[in-house]
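To find a chain, count down the sequence lines: A is the first, B the second, and so on, and within it residues start at 1. Keep in mind the model is a prediction, meaning the values are calculated, not measured.
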2 protein chains.
Amino acid sequence: MAANILLVEDEPAIQELIAANLGRAGHHVVRAGDAETAQRIVRDALPDLVLLDWMLPGMSGIELARRLRADERTRTIPIIMLTARGEEQDKVAGLEMGADDYITKPFSPRELVARIKAVLRRRAPQATEDPVELGGLSLDPATHRVAAGERPVTLGPTEFRLLHFLMTHPERVHSRAQLLDQVWGDHVFVEERTVDVHVRRLRAALEPVGHDGLIQTVRGSGYRLSAQPAVAGV
Amino acid sequence: MAANILLVEDEPAIQELIAANLGRAGHHVVRAGDAETAQRIVRDALPDLVLLDWMLPGMSGIELARRLRADERTRTIPIIMLTARGEEQDKVAGLEMGADDYITKPFSPRELVARIKAVLRRRAPQATEDPVELGGLSLDPATHRVAAGERPVTLGPTEFRLLHFLMTHPERVHSRAQLLDQVWGDHVFVEERTVDVHVRRLRAALEPVGHDGLIQTVRGSGYRLSAQPAVAGV
DNA sequence: CAGGAAATTGACGATTTTGTGACAGGTCAC
DNA sequence: GTGACCTGTCACAAAATCGTCAATTTCCTG
């Protein structure tokens, strides 16, 4: 249950206190004093969870949260907000922004650790930065490129993440609900049928480069990416 | 995705509101106004999930949660806490107690339904995920594939579940009623003859790949899957 | 060997699930 | 601004699957 946690907090004393407690709980903590630094660290280190103070000098916490949610690589990283008492409207804004939880200062270390545990438990591990290759189709998270042999494939952010997940978990059938969890993140509320639409868009992008049978429909269950054809004819 | 949900809430108005929303989402809701009643219902009905208000007359929600976690049979039933704003310390206790999630009042029906779905989903992966192999026939729930040696077999969802059940319970005779319970679910109302039809469809799919005698009819009793020939005679 | 119960089979309409095209908002770079 | 994406949701079309029935066939009993 140990995790890499990025702590974004401008007050040194509080930063120290929290870091000490998280360290004692077995987590590895990286700290940032402002949102800009935090943003860079997130991109570089892709932590498992971000503990985010709402009141920051410069870019606000809420703005940082928005940006993390806007970037497809960081979209699914859980965020826990730290808010001062009485900033009710901020909480609402934060939750709408896609924060997974919030905690009001002052809080007990015990509570903080418990919430982190709960949030992490909700999320399945995934997302590597390594390039993936499968049946002539290659995808590189770092450069954000997809290619079928020589020919490049252009995808929207969501289709890219969807394909990335499918390629890193091939052969297996994924229900629409699981795909929503893994690709969209479990804090979003979207219709399951939305998955169908994105699968269709992905198929449409893959078909002209000769990968039409790649994503298969398993009726009643979900979708599966497989190099093998769904049925071997004859 | 429909589930049996136990709602533990003492305030009639809220109880009504939540129950209505869950009902609309396709869940079957049983209600309890206090922890003692709830405890009895859990033991009798073993619901799929417990929605538990923290503030209850008599035994508190937290105490109920503790007892559910202490009992072997109820230990794995997911619990979602309903808390009022500001009951911070209770949340901590609840999460440490093993609640799977919590939601703060007031909440939107949509969010509640979404969280329930998420929790049930996480609980979903069962031990039924293991591949089965029997007499040259293999079935893998994870990839949703069936193959006789090299040759793939295509099945509809119901035939797939039927074959899965038969392969995990081979050499035993199952009555039509038992098969309906196990494969269709014990709540559906379908004719027993329907089982015959699906057995036939399954046989039809298995026969071209050399597994014709696999599913045997036991006249007057039901069906049996066996690698052994039906009769030793002749 | 006849009678009848039990099981198989083919057909068919109803239902469920998935594919598709369109559309209204929203975001972002210019 | 504004125009080029991207997204999530619909409504409808297309396809696959389901459950039931009635006609047959099989099999046991007496």
Under 4.0 Å, counting only non-hydrogen atoms across every strand here, what does B:Asp196 touch: a base, just sugar-phosphate, or nothing? base

Please work out if B:Phe160 contacts a base, only the sugar-phosphate, or nothing of the nucleic acid, heavy-atom cut-off 4.0 Å. nothing

If you count heavy atoms of other groups shown closer than 6.0 angstrom to CZ of A:Arg172, is the number above 12? no

From CG of B:Leu155 over to P of D:dT17, roughly how many Å is that when rounded to an integer? 10 Å

Separation of C:dA7 atom P from B:Arg224 atom CZ, nearest Å, is 14 Å

Please identify each residue that fulfils side chain to side chain contact (heavy atoms under 4.5 Å, CB included) with A:Thr37, with sequence neighbours left out. A:Ala32, A:Asp34, A:Arg40, A:Ile41

B:Trp184 side chain N/O closer than 4.0 Å to the phosphate oxygens (OP1, OP2) of D:dC18? no

Before you tell me yes or no, could you show the steps for B:Ile14 and B:Leu82 under side-chain contact (heavy atoms from CB on, under 4.5 Å), namely the whole-Å CA-CA distance, both residues' side-chain angles and the distance that decides it to 0.1 Å? CA-CA 11 Å; B:Ile14 299 180; B:Leu82 304 174; 5.8 Å; no

With sequence neighbours excluded, tell me which residues meet side-chain hydrogen bond (donor to acceptor under 3.5 Å, both in side chains) with B:Glu171. B:Ser226

The helix from C:dC1-D:dG30 to C:dC30-D:dG1: angle between its terminal axes, five pairs each, to 10°? 30°

Please identify each residue that fulfils side-chain hydrogen bond (donor to acceptor under 3.5 Å, both in side chains) with B:Arg193, with sequence neighbours left out. B:Asp196

Does anything in residues 132-161 of chain B form a ring-ring contact (aromatic ring centres under 6.0 Å, His included)? List the pairs, not counting sequence neighbours. B:His144-B:Phe160

Which is true for A:Thr217 with a 4.0 Å heavy-atom rule: it touches a base, it touches only sugar-phosphate, or it touches nothing? sugar-phosphate

What heavy-atom pair brings B:Pro131 and B:Pro141 nearest, and what distance separates the two atoms? CA-CD, 3.9 Å

Among D:dG19, D:dC10, C:dT18, find the nucleotide with the atom closest to the side chain of A:Val197. D:dC10

Strand contacts (DNA chain D) in residues 198-211 of chain B, 4.0 angstrom heavy-atom criterion: B:His198, B:Arg201

d(CD, B:Glu159; C1', D:dC18) in whole Å: 9 Å

Give the rounded distance in Å between these two atoms: OH of B:Tyr223 and P of C:dA6. 13 Å

A:Asp10: side chain to side chain contact (heavy atoms under 4.5 Å, CB included) partners, not counting sequence neighbours: A:Asp53, A:Leu56, A:Pro57

B:Arg161 CZ to D:dT17 C1', in whole Å, measures 11 Å

From the options C:dT18, D:dC18, C:dT8, select the nucleotide whose nearest atom is closest to the side chain of B:Thr158. D:dC18

Counting only side-chain nitrogens and oxygens, does B:Arg193 get under 4.0 Å of the OP1 or OP2 atom of C:dA7? yes

Ring pair (Phe, Tyr, Trp, His ring centres under 6.0 Å) against B:His211, all qualifying residues, sequence neighbours excluded: none

Quickly work out the A:Arg67 CZ to C:dT27 P distance and round it to whole Å. 14 Å

Does anything in residues 134-154 of chain A pair up under salt bridge (charged side-chain N to carboxylate O under 4.0 Å, His left out), and if so which pairs, sequence neighbours excluded? none

B:Glu191 CD to D:dC21 C1', in whole Å, measures 10 Å

Tell me every residue that passes side-chain hydrogen bond (donor to acceptor under 3.5 Å, both in side chains) with A:Thr217, counting only those two or more places apart in sequence or in another chain. A:Arg203

Please enumerate all protein N or O atoms sitting under 3.5 Å from an N or O of nucleotides 15-17 of chain C, with distances to 0.1 Å.
from   : atom 1 : to       : atom 2 : distance (Å)
C:dT17 : O2     : A:Arg219 : NH2    : 2.8

Could you work out, with side-chain hydrogen bond (donor to acceptor under 3.5 Å, both in side chains) as the rule, every residue matching A:His198, not counting sequence neighbours? A:Glu159

Could you state the CD-P distance from A:Gln216 to C:dT18, rounded to the nearest angstrom? 15 Å

